[in-house]
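Okay, structure first, notes after.
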Amino acid sequence: QLQACGGGLVQAGGSLRLSCAASGRSVANVAVGWFRQAPGKEREFVSAISEGNSRILGADSVKGRCTISRDNAKNTVFLQMNSLKPEDTAVYFCAAGSLGVVSDQDGAYPYWGQGTQVTVSS
């Protein structure tokens, strides 16, 4: 089970740190990704980290502003988001793969959390 938290209401230019805590299974040996879905839009890829942190992917829309990391001891993956923009407003989901290979495709992640709302005001 994946539990995403850390969302909230923030002004443009602000920062948030999202957390994705896993229970019942370890995510240390699999890829973990973050996706988001804004109202009326399709779910889109944000960032992902491979097993062993050897490869990190990030969407062009968040590059330079978002950093993904993991703490295997806490079985948690983080998404640090800086310089937030109103267009970052969405529900953010974390997802775990069954393999260690990272992907920007949501179909590569069979395990999903419930999402956390991020709202950025202008």
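All values derive from a computational prediction rather than experimental measurement.
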Looking at [atom1] of [X] and [atom2] of [Y], how far apart are the two atoms once the value is rounded to the nearest 0.5 Å?
X   : Y    : atom1 : atom2 : result
I68 : L57  : CD1   : CG    : 9.0 Å
R43 : D106 : CZ    : CG    : 4.5 Å
L84 : C66  : CG    : SG    : 7.0 Å
Q11 : S122 : CD    : OG    : 9.5 Å

Please check: side-chain N/O of R65 versus main-chain N/O of S83, any donor-acceptor pairing under 3.5 Å?
yes
Treating R70 as the side-chain partner and G52 as the backbone partner, does any N or O pair qualify as donor plus acceptor under 3.5 Å?
no
Less than 4.5 Å apart, side chain to side chain, heavy atoms only: is that true for I56 and V102?
no
Between D60 and K63, is there a salt bridge with N-O shorter than 4.0 Å?
yes
Contact summary for [X] and [Y], nearest pair of heavy atoms:
X    : Y    : result
S61  : R36  : OG-NH2, 3.5 Å
S69  : I49  : CA-CD1, 4.1 Å
Q114 : L2   : OE1-O, 3.6 Å
A48  : S103 : CB-O, 3.8 Å
P110 : A96  : CD-O, 3.3 Å
V120 : T89  : N-OG1, 2.9 Å

Could you list the donor-acceptor pairs under 3.5 angstrom formed by side chains in residues 16-31, with sequence neighbours left out?
from	atom 1	to	atom 2	distance (Å)
S26	OG	A28	N	3.1

Can you get from V118 to L79 by hopping between Ile, Leu, Val, Met, Phe, Trp and Tyr side chains that sit under 4.5 Å apart?
yes
Checking F35 now: which residues fulfil ring-ring contact (aromatic ring centres under 6.0 Å, His included) with it, not counting sequence neighbours?
F45, Y109, W112
What do the steps show when you test M81 against D88 for side chain to side chain contact (heavy atoms under 4.5 Å, CB included), and what is the final call?
CA-CA 10 Å; M81 302 190 296; D88 293 318; 5.9 Å; no
If you count heavy atoms of other groups shown closer than 6.0 angstrom to CD of Q1, is the number above 12?
no
